[in-house]
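Data first, discussion second: the structure below is written as structure tokens.
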Amino acid sequence: RLHSEGLIFRDNRLVNWDCVLKSAVSDLECEYIELDAPQRISIPSHGGKSFEFGTLIEFAYKVINPEDGPEEIVVATTRLETMLGDTAVAVHPEDERYKKLHG
């Protein structure tokens, strides 16, 4: 009913995920902070414990049967914990380094 009345909608978008609530939260419930460099920030919902933000971490996925292509693909992320859910890596179709890995 809410959908048919235009009060809610379904779409593919990025959401703000709260690991403590285990739920998406509204933009109104988030504090956006612009960082110029990595820094530790205290998080109230974690008992005031501080965590490092603004760090870009690189790691490599090994390629099985590289067939004369690269033996690994290096990716970068600010959320290393999300790698545990990775099931595929997307590469640009015109990037010659990964041409043999398409498909």
For this session: Check each of V74, V63, I73 against V89 using the side-chain contact (heavy atoms from CB on, under 4.5 Å) test, and report the only one that passes.
Result: I73
For this session: Output the distance between atom CD (E52) and atom CZ (R40), rounded to the nearest 0.5 Å.
Result: 6.5 Å
Exercise. Would Y32 end up clustered with V15 when hydrophobic side chains under 4.5 Å apart are linked, directly or stepwise?
Worked result: no
For this session: Measure the CD-OG1 distance between Q39 and T55 for me, rounded to the nearest 0.5 Å.
Result: 10.0 Å
Problem set entry | Distance, nearest 0.5 Å, that separates CG of D86 from CZ of F59 | 6.0 Å
Problem set entry | Donor-acceptor pair, side chain of K22 and main chain of W17, under 3.5 angstrom | no
Seminar exercise, completed: Distance col, row M83:CE vs I57:CD1, nearest 0.5 angstrom, shows 10.5 Å
Exercise. When rounded to the nearest 0.5 angstrom, what distance separates CG in L2 from OG in S4?
Worked result: 7.5 Å
Exercise. Do other residues, nucleotides or ligands put more than 12 heavy atoms under 6.0 Å from D11 CG?
Worked result: yes
Exercise. Is F51 reachable from L35 through a run of I, L, V, M, F, W or Y residues, each pair having side-chain heavy atoms under 4.5 Å apart?
Worked result: yes
Problem set entry | Minimal non-hydrogen separation, P38 against G54, with atom names | CG-O, 3.5 Å
Exercise. Quick one: are L101 and V91 in side-chain contact, heavy atoms under 4.5 Å?
Worked result: no
For this session: Might you work through the side chain to side chain contact (heavy atoms under 4.5 Å, CB included) test for I43 and F53, ending with a clear yes or no?
Result: CA-CA 11 Å; I43 307 298; F53 288 84; 3.9 Å; yes
Seminar exercise, completed: Correct closest heavy-atom pair for S42 and G48 would be OG-O, 2.8 Å
